[in-house]
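Scroll down for the structure; my scribbles are underneath it.
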Amino acid sequence: MPNSLPIVAVASLGGTISMTPSSEGGIVPTLDAAQLAQSAPGISGIANLRAESLRQLPSASLSFDDLMAVLAWAEKQVEDGAHGIVLTQGTDTLEESAFFLDLYWRHPQPLVLTGAMRGASAAGADGPANLLAAVQTAVDAQSVGRGVLVVMNDTVHEARWVTKADSLSTGAFSSGDGGVAARLVEGTPAYFHPPGSRPAPIPFPKGVWPKVAIIPASLGDGGELASLAADNGYASIIVAATGAGHVSYDFAERIANLAAHIPVFITTRAASGSTASRTYGYVGAEMDLIRRGAHMGGWLSAIKARLLVVALIAAGVEPGRVGESVSNWCKLRSH
Ligand code: ASP
């Protein structure tokens, strides 16, 4: 029967939210989007749902091509009148999918990602509540124009800041320094600030996805892995450096050699905080690495810097312009 409820298109991609016990042991993805939608009490009173299963994968096995297919599906749903989009997927790479899709999302309609920390048949399964909260967020007028959002544990996060900060807790997601966007109160997201500025969407990829490596720096490490990655065809290196963007003397030497050929970004391996640019001057510190041709990642985590660099190179940005493009993007996407 026709009604005036908003339309929300829901797609499932797999993950714990869709997982039930297997005869082989452990939980595996089995539930489809329609089954997930049925599991959330009251959801049909909020929106007319169009449920579709696009993938049935653990989230580490999602690919950039999968996400581009999801993006095309979501765009088609908007063209066909959806007021909001909800995607369910595994939480392990939820922040990556959210950030990646946000780079390309050009519609004011909310694109909301959610998942679960407990399997569908576990005591206290959080999937149904998360899905309900995601739909409540997707239909809310205050969610419009905020790009891609993540809703977990009755909290709304922006793709720019969200991170999985705990491996197993139902409160696993955090927005670190940027702060959460909203909390759901009695089924409505209460936003703490208006939508921020958003850079223009990154143009769609022109060819194959470039390989971009994240290389951790650690005590006693000379950066050999970074050179190995470059020798094996990686188009750019993201260093998850110590502190505010620091590596060993030997690693600094390698960065000078690498940065002469490919874009090298320095991010922090610390759980929060930005890289510095003009505090430390010793060999291997940020001022030295900048002199050697590296770019500082600022507030971007290594994971998110990698996705941004992948998207920029795939869009055809020349290697010598990638650093500038990253820094322009960051200036425009503070919130
Ligand atoms: N543990 C994961 C989840 O929360 C599995 C995955 O990411 O697919 O869904």
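Sequential numbering from 1 along the given sequence is applied to the chain's residues. Start at 1 and go down the list; that is how both ligands and their atoms are numbered.
Considering backbone and side-chain N/O of Q89, none are found under 3.5 Å from N/O of ligand 1.
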Checklist line | Full working for side chain to side chain contact (heavy atoms under 4.5 Å, CB included) between E286 and T275 | finding: CA-CA 8 Å; E286 76 277 5; T275 53; over 6 Å; no
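Nearest residue to atom 7 (O) of ligand 1 from S59, P58, S97 is S59 (criterion: closest heavy atom). The option with the heavy atom closest to atom 1 (N) of ligand 1, from among L13, T16, L168, is T16.
Salt-bridge annotation for R321 and E324: present, with a side-chain N of the basic residue lying under 4.0 Å from a carboxylate O of the acidic one.
A side-chain contact (heavy atoms from CB on, under 4.5 Å) with T137 is found for one member of T114, L184, D154 and no other, namely L184.
Those atoms of ligand 1 that come under 4.0 Å of a heavy atom in G15, given as number and element, are 8 (O), 9 (O). The G90 neighbourhood of ligand 1 comprises atoms 3 (C), 6 (C), 7 (O), 8 (O), 9 (O), with distances under 4.0 Å to a heavy atom of that residue.
Without hydrogens or angle criteria, R198 side chain to W105 main chain gives a donor-acceptor distance under 3.5 Å.
Using a 3.5 Å distance cut-off with no hydrogens or angles, the side chains of N153 and D126 do not pair a donor with an acceptor.
Using cut-offs of 30° and 60° for the angle between ring planes, the F64 and F100 rings count as parallel.
Closest to atom 4 (O) of ligand 1, if we only count protein heavy atoms, is T91 OG1, 2.4 Å.
At a heavy-atom distance under 4.0 Å, only backbone atoms of A116 (N, CA, C or O) approach ligand 1.
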